[in-house]
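Since the structure is predicted, the reported quantities are computational estimates derived from the model, not experimental observations.
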Amino acid sequence: MATKRTVIVTGFEPFGDHTVNASWVAVQELERLGLGQSVDLYVCEVPVEYQAVQSLLPSLWKQHQPQLVVHVGVSGIATTVTLEKCGHNHGYKRVDNCSFCPDSQCCMDGGPDCIDSVIDMDLVCKRVNSSRLGVAVSVSKDAGRYLCDYTYYTSLYLGKGRSAFVHVPPLEKPYSAQDLGRALKAVVGEMLELVGQSEDDDHDHHHCSHQHHQHAH
């Protein structure tokens, strides 16, 4: 029997108009459902603060040595469960819950502009949508240049691409907490299968090039 695999799934605390953050509600629902006996699932609520993310994520990766870290965030404009393909290093101009914003507007000094997940999000999307789950899934290349994108980039950097980000719509727009929990279970299950296949692959750290190349930094 294969050894248990460790997965961390995080949601975010309330911020702005999101007095209840659908991402954390959905993650708690996923925790209730579980990912099966062969997976150790740890869940965590992440503060909407740049500096807290910078200290929390390295400790999560180090403490649990996860095979996969999935961050879940809410998007007021999302109407589907959206799988983000990559995280971005620059463009963080919005202040967080502490009214803080990084001076450099950057996540990792000297890091690549963009890091792709090792997980094929198009394939995950296709598999989940064909399973007749009743929740629509889509893919995106823009996680929004706020704490979601910042957190995703940090995890992709720390985990050499073994991370994923899922945006969920606000609750009841149109999906319930139960719907979102079921969707997360299906999505993370597919992601785990793909990560298992790519673990022997040494070429895990993919950098993606931007359409508009910025040579001046």
Side-chain angles (χ1 to χ4, degrees), residues 1-14 21-74 81 83-87 89 96-97 107-108 111-112 115-121 124 128 143 147-168 180-206:
M1 179 116 182
T3 53
K4 273 199 168 191
R5 291 189 289 173
T6 300
V7 179
I8 298 171
V9 182
T10 74
F12 284 98
E13 70 179 5
N21 194 319
S23 68
W24 180 234
V25 175
V27 169
Q28 288 175 297
E29 186 65 21
L30 172 66
E31 184 182 30
R32 193 179 68 75
L33 294 170
L35 288 170
Q37 292 185 331
S38 63
V39 178
D40 274 330
L41 171 64
Y42 294 91
V43 303
C44 173
E45 185 180 29
V46 177
V48 179
E49 300 169 24
Y50 294 104
Q51 288 167 308
V53 166
Q54 281 288 12
S55 58
L56 174 65
L57 290 193
S59 65
L60 280 180
W61 278 95
K62 192 173 180 182
Q63 183 183 346
H64 298 292
Q65 301 284 310
Q67 273 69 55
L68 175 67
V69 175
V70 181
H71 301 292
V72 185
V74 67
V81 170
L83 313 180
E84 299 292 348
K85 293 184 170 190
C86 53
N89 196 14
D96 64 15
N97 276 1
C107 188
M108 294 273 176
I115 304 176
D116 276 342
S117 174
V118 299
I119 297 160
D120 182 341
M121 297 300 175
V124 173
V128 175
L147 264 296
C148 291
D149 212 340
Y150 190 87
T151 299
Y152 192 19
Y153 183 93
T154 304
S155 251
L156 288 166
Y157 188 91
L158 293 168
K160 298 184 169 56
R162 283 181 297 110
S163 185
F165 197 98
V166 181
H167 263 125
V168 296
L180 294 177
R182 285 189 303 112
L184 285 182
K185 179 170 181 167
V187 163
V188 176
E190 294 291 354
M191 287 175 175
L192 260 177
E193 268 196 34
L194 295 181
V195 163
Q197 291 164 17
S198 76
E199 271 182 343
D200 302 328
D201 196 2
D202 252 347
H203 308 98
D204 275 352
H205 216 45
H206 299 307

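Atoms CD and CG, on Glu29 and Leu180 in that order, are 9.0 Å from each other to the nearest 0.5 Å. In this structure, the separation between CG on Asp96 and CD on Gln51 is 7.5 Å, given to the nearest 0.5 Å. Taking CD1 of Ile8 as the start and NE2 of His64 as the end, the distance is 5.0 Å to the nearest 0.5 Å.
Within a 6.0 Å radius of CD in Gln65, other residues, nucleotides and ligands contribute more than 12 heavy atoms.
Between the side chain of Ser155 and the backbone N or O of Tyr152, no donor-acceptor pair lies under 3.5 Å. Here the side chain of Ser23 pairs a donor or acceptor atom with the backbone of Phe12 at under 3.5 angstrom. The closest donor-acceptor contact from the side chain of Gln67 to the backbone of Thr6 lies under 3.5 Å. In this structure, the side chain of Asn89 engages the main chain of Met108 through a donor-acceptor pair within 3.5 Å. Asp116 places no side-chain N or O within donor-acceptor distance of the main-chain N or O of Cys86, the cut-off being under 3.5 Å.
Considering every non-hydrogen atom in both Ala183 and Val81, the closest pair reads CB-CG2, 4.1 Å. Here the closest heavy-atom approach between residue Ser59 and residue Ser55 is recorded as OG-O, 3.6 Å. Nearest heavy-atom pair across Phe165 and Val72 is CZ-C, 4.0 Å. In terms of heavy atoms, Val48 sits closest to Glu13 at N-OE2, 3.0 Å. Taking all atoms of both residues into account, the shortest heavy-atom contact from His71 to Thr10 is ND1-OG1, 2.7 Å. Arg162 and Trp61 make their closest contact through O-CH2, 3.3 Å (heavy atoms, listed as atom of the first residue, atom of the second, distance).
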Given Leu192 and Val7, is the side chain to side chain contact (heavy atoms under 4.5 Å, CB included) satisfied, shown in steps? CA-CA 9 Å; Leu192 260 177; Val7 179; 3.6 Å; yes
Given Val27 and Leu184, is the side chain to side chain contact (heavy atoms under 4.5 Å, CB included) satisfied, shown in steps? CA-CA 8 Å; Val27 169; Leu184 285 182; 4.2 Å; yes
Applying side chain to side chain contact (heavy atoms under 4.5 Å, CB included), run through Glu45 and Gln28 and close with a yes or a no. CA-CA 9 Å; Glu45 185 180 29; Gln28 288 175 297; over 6 Å; no
Test side chain to side chain contact (heavy atoms under 4.5 Å, CB included) on Val118 and Leu194 and set out the steps. CA-CA 9 Å; Val118 299; Leu194 295 181; over 6 Å; no
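No option in Asp149, Thr154, Thr151 other than Thr154 meets the side chain to side chain contact (heavy atoms under 4.5 Å, CB included) test with Cys107.
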